[in-house]
Amino acid sequence: GNDTTAINAAITAAKTGRGTVYFPPGHYSVTSLNMASANGVTLQGAGIDATWIDAFTGATNMIDCTGATGVVIRDMQIGQGSMTPTPATGILIACDNNDGRDRFHLENLYVAGKFTKAALYIYGMHSSDAVNCDFYNHRTAGGTAVYITSQNVASAASDYLTISSAAIGTSDWTFTACEMHDFTNAGASGFPVKLNGTTQPVAQLRWIGGNISSSGNGVSGADQYIFV
């Protein structure tokens, strides 16, 4: 069944007091979890091998954090490589009309699926980090595992809010012991990581350990870079 309504009710309650939504061991099926405008809310699983959030339908953001700040998401699996639905993103982190969105912490996550945008999409968000996370895009026709942009080049859309033009760059992210991989077929345009910023910078990004790799041989554009 679809667990979205029950989980979103718990998230709404947590938003009123910077609370934690705990996911006991189990399998949860969702369309889009509404973390939009959340401030100081934590989504806490019981571990990558214990808590599994799967996509009920495609074309949505499995966890939509547009306009959120100070959010923690940890200790869970989000999606799977073989799932039939094709969500837009596993986790969408984007700005709304407030420029002060920052302080995200992602830890012990396994995010996988056939995402049309990216497993992790970051737009106009800064001063955040990810630790011991795996981001995999299994979209063989061309996919991106992690997309970091200050221009919203892929035209990501929130399920709940209007995504605004970033008045600040996407900067100051640290990725520690993270793996990013796309499973694009050879010859298709797939990337483990895309960076894009023309009028606003994508800057001060740090990779400490981990692995960035690709199954395809996509050709990078003028302001898109592939790391192997």
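Position 1 is the first residue of the sequence, and the numbers go up from there.
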| field | Worked check of side-chain hydrogen bond (donor to acceptor under 3.5 Å, both in side chains) between Gln80 and Ser82 | value | CA-CA 6 Å; Gln80 60 172 319; Ser82 60; 3.1 Å; yes
| field | Working for side-chain hydrogen bond (donor to acceptor under 3.5 Å, both in side chains), residues Thr31 and Thr4 | value | CA-CA 6 Å; Thr31 52; Thr4 304; 3.2 Å; yes
| field | Ring geometry between Phe135 and Phe175 (parallel below 30°, tilted from 30 to 60°, perpendicular above 60°) | value | perpendicular
| Considering only heavy atoms from C-beta outward, does the side chain of Arg74 approach that of Asn132 to under 4.5 Å? | no
| So do Tyr28 and Phe23 actually touch side chain to side chain, heavy atoms under 4.5 Å? | yes
Quick check: is [Y] connected to [X] through a chain of hydrophobic side chains (ILVMFWY, heavy atoms under 4.5 Å apart)?
{"X": "Leu161", "Y": "Ile91", "answer": "no"}
{"X": "Ile11", "Y": "Ile63", "answer": "yes"}
{"X": "Val72", "Y": "Ile93", "answer": "no"}
{"X": "Ile53", "Y": "Ile7", "answer": "yes"}
{"X": "Phe104", "Y": "Val131", "answer": "no"}

Say you draw a straight line from [atom1] of [X] to [atom2] of [Y]; how long is it, rounded to the nearest 0.5 Å?
{"X": "Tyr147", "Y": "Lys194", "atom1": "OH", "atom2": "NZ", "answer": "4.5 Å"}
{"X": "Arg103", "Y": "Ser128", "atom1": "CZ", "atom2": "OG", "answer": "8.5 Å"}
{"X": "Cys65", "Y": "Ile73", "atom1": "SG", "atom2": "CD1", "answer": "4.0 Å"}
{"X": "Cys133", "Y": "Leu109", "atom1": "SG", "atom2": "CG", "answer": "4.0 Å"}
{"X": "Met35", "Y": "Ser158", "atom1": "CE", "atom2": "OG", "answer": "12.5 Å"}

| Taking only residues at least two apart or on different chains, which pairs with a member in residues 127-153 satisfy salt bridge (charged side-chain N to carboxylate O under 4.0 Å, His left out)? | none
| query | Which residue, Asn61, Thr66, Thr60, forms the side-chain hydrogen bond (donor to acceptor under 3.5 Å, both in side chains) with Asp159? | reply | Asn61
| field | Between Asn108 and Asp75, a side-chain donor and acceptor under 3.5 Å | value | yes
| request: Ignoring hydrogens and angles, state whether a donor on the side chain of Glu179 or His181 is under 3.5 Å from an acceptor on the partner side chain. | output: no
| message | What verdict does the side-chain hydrogen bond (donor to acceptor under 3.5 Å, both in side chains) test give for Asn137 and Asp182, after you've listed the backbone C-alpha separation in whole Å, the side-chain angles of each residue and the deciding distance to 0.1 Å? | response | CA-CA 5 Å; Asn137 197 337; Asp182 75 278; over 6 Å; no
| Would a line drawn from the ring center of Tyr110 to the ring center of Tyr136 be shorter than 6.0 Å? | yes
Tell me which donor-acceptor pairs under 3.5 Å the side chains of residues 111-122 have, and how far apart each pair is, sequence neighbours excluded?
residue : atom : partner : partner atom : Å
Lys117  : NZ   : Ala154  : O            : 2.6
Tyr121  : OH   : Asn152  : OD1          : 2.6
Tyr121  : OH   : Ala154  : N            : 3.3

